[in-house]
Amino acid sequence: MSADDQNAQEAVTFADLGLSPKVLAAVTDAGYTTPTPIQAGAIPHAVQGKDVLGIAQTGTGKTAAFVLPMITRIEKGRARARMPRTLILEPTRELAAQVEENFIKYGKNHRLNIALLIGGVSFDEQEKKLERGADVLIATPGRMLDHFERGKLLLTGVEILVIDEADRMLDMGFIPDIERICKLIPFTRQTLFFSATMPPEITKLTEQFLQAPVRVEVSKAASTGVNITQRLVKSGNKGWDKREALRNLMREEDATLKNAIIFCNRKVDVSELFRSLVRHGFDAGALHGDMDQRARMAMLAGFRDGKLRYLVASDVAARGLDIPDVSHVFNFDVPIHAEDYVHRIGRTGRAGRLGKSFTIVTKSDAKYLDAIEKVTGNKIEWHDGDLSTVVQSEGEDDAPRRGRGAPKRGSRKEESGRPRRARASEKPIRNPVADVVEEAVMQHPAPTAPAETQSPPPAQKVRREEIRSQNARRKDAPVERPEPRPAEERATANTHRGRRKPDDMADGTVGFGDDMPDFMKVAVKV
DNA sequence: AAAAAAC
């Protein structure tokens, strides 16, 4: 490449990409002048209506790479009732909500009707938005198909289809849904397709559903960024050992720790660790897929706004979520799949900043650790001596005061499942923010119960009856759940489900009155 | 040894 070419490339600005003046103005207002490689590569083609195959990780500016040209292209024209003009499919609810935020930010000079169709929230409002005519429809596949089957949605008017995070959709078993949806949309559409990797199934999908796509590939972010300091931390096998190791680490790092995500492999452990950290006075929140949708939103908002310094999370938070400025990532568990390690620690050290990651390792993690070191291609240093120096703690798991014989896996969780009131005398919770949040996460009777729960439309009522009869044997089985849930999982569920009246929890913050932090109120609007 | 996603 000549020096001139290089200069020319450096000189690329958003103004050179063919975006409309109104979109450009919004981009400028947001403070951006220079597009990222994926944006510079994809936008010029996308604004011309071409199909694009974008191969890019999250954190590369991928979302704006489709949002900006889409707004440009739908400037003219209006949506008709139940016939959205564009459809964006996302694998998780949070990602979908995040894309909506992007449309709001960059569409501020337009009058866009945006509809967000995700599970876990009421159908009513979503239907209203569809009825009004959506310029932009953002959805997770399940809820979208649900609306479609109810006849609330016609896909024949879709001009632009976006499939985001295709490889993750594959992991999650969404590909049949995606194929079905693709077939429902006219062939004359424009398709923008994004995936971080291109396994054979995904390649097949692109061959089937893209027409002469422009392929834009941005250099794979070095599997683990050089600006992330990675360390391993030894620990005994027990949950108790690991939690103590984590707390020590958190205290050690306190001076330089701005905020941190703490990953667990399992949802139960997210809940348990969250409760434990709160009891120890850390202002932590929690995020996993079994939580009430309102609480998920509230947690994320609280963490982003800096109201919560720690977020204990499952891998729902490992990819794609845009949480800027995370200074630390802690792996409470070694991830079972090596790629997850890369994604998790990739939540720190973004945009060239420095980041730190610590992974708590026990003797039984050896093989997973090997896999990680193989994938990332480097040996990770031990923080403070390796596993050979670990002292295993004695005793029956981490509930020593419970009688012998009792601790089946479920009963061990009793402590975390017990109502908070009973615990209050043991250890005062010193953290009001997390305390409020705990109410929201662990007891998820949506105070303004989703409308469909109160008056399900006939079709759904029938389905519910089926489920109810399936569960007839189990008196306490939640009707929404076809499968009986294991005891330990119930630690995350609402123990009062079905027993409390909505009036008892007018605003969902039982017993906290005026102490509800602002971010909770904001997030609750969903 | 997992998580996620419709009800």
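Convention: sequence-line order gives letters A, B, ...; per-chain numbering from 1.
Using a 4.0 Å heavy-atom criterion, one finds that P91(A) contacts the sugar-phosphate atoms exclusively. If you check every strand for non-hydrogen atoms under 4.0 Å, D340(A) touches a base. In this structure, N265(A) reaches the sugar-phosphate backbone alone: every heavy-atom distance under 4.0 Å involves primed, P, OP1 or OP2 atoms, never a base. Across all strands, R168(A) comes closer than 4.0 Å to no nucleic acid atom at all (heavy-atom distances).
If you check dA4(B), dA2(B), dA1(B) against the side chain of D315(A), the one that comes closest is dA2(B).
Distance K238(A) NZ to dA1(B) P: 16 Å, rounded to the nearest Å. A straight line from CD1 of I336(A) to P of dA3(B) spans 8 Å, rounded to a whole angstrom. Straight-line distance from the CG atom of D167(A) to the P atom of dA5(B): 16 Å, rounded to whole Å. What separates CD of Q293(A) from C1' of dA5(B) is a distance of 11 Å, to the nearest Å. For the pair E339(A) CD and dA3(B) P, the computed distance is 16 Å after rounding to whole Å. Rounded to an integer number of Å, the gap from CZ of F123(A) to P of dA6(B) is 9 Å. Atom CE of M169(A) and atom P of dA6(B) are 11 Å apart (whole Å). Summarising the geometry, the separation between CG on D177(A) and P on dC7(B) is reported as 13 Å, rounded to the nearest angstrom.
Annotation: F330(A) is not in aromatic contact with F263(A) [ring centroid separation under 6.0 Å not met].
Remark: N102(A) pairs with T63(A), V67(A), Y106(A) by the side-chain contact (heavy atoms from CB on, under 4.5 Å) rule, at least two apart or across chains. A search for side chain to side chain donor-acceptor pair (under 3.5 Å) contacts involving S276(A) returns nothing, not counting sequence neighbours.
For dA1(B), neither phosphate oxygen OP1 nor OP2 lies less than 4.0 angstrom from any side-chain nitrogen or oxygen of S364(A). Between R296(A) and the phosphate of dA4(B), there is no side-chain N or O to OP1/OP2 separation shorter than 4.0 Å. A sub-4.0 Å separation between OP1 or OP2 of dA6(B) and a side-chain N or O of T140(A) is present. Remark: K267(A) is in phosphate contact with dA4(B), judged by side-chain N or O atoms under 4.0 Å from OP1 or OP2.
One N or O donor and one acceptor, one from the side chain of H337(A) and one from the base of dA2(B), sit under 3.5 Å apart.
Using the six-membered ring where Trp is involved, F358(A) and H328(A) have ring planes that are parallel, under 30° apart on the 30 and 60° scheme.
Annotation: cation-pi pair R189(A)/F209(A) absent, no NZ/CZ under 6.0 Å from the ring centroid and within 45° of its normal.
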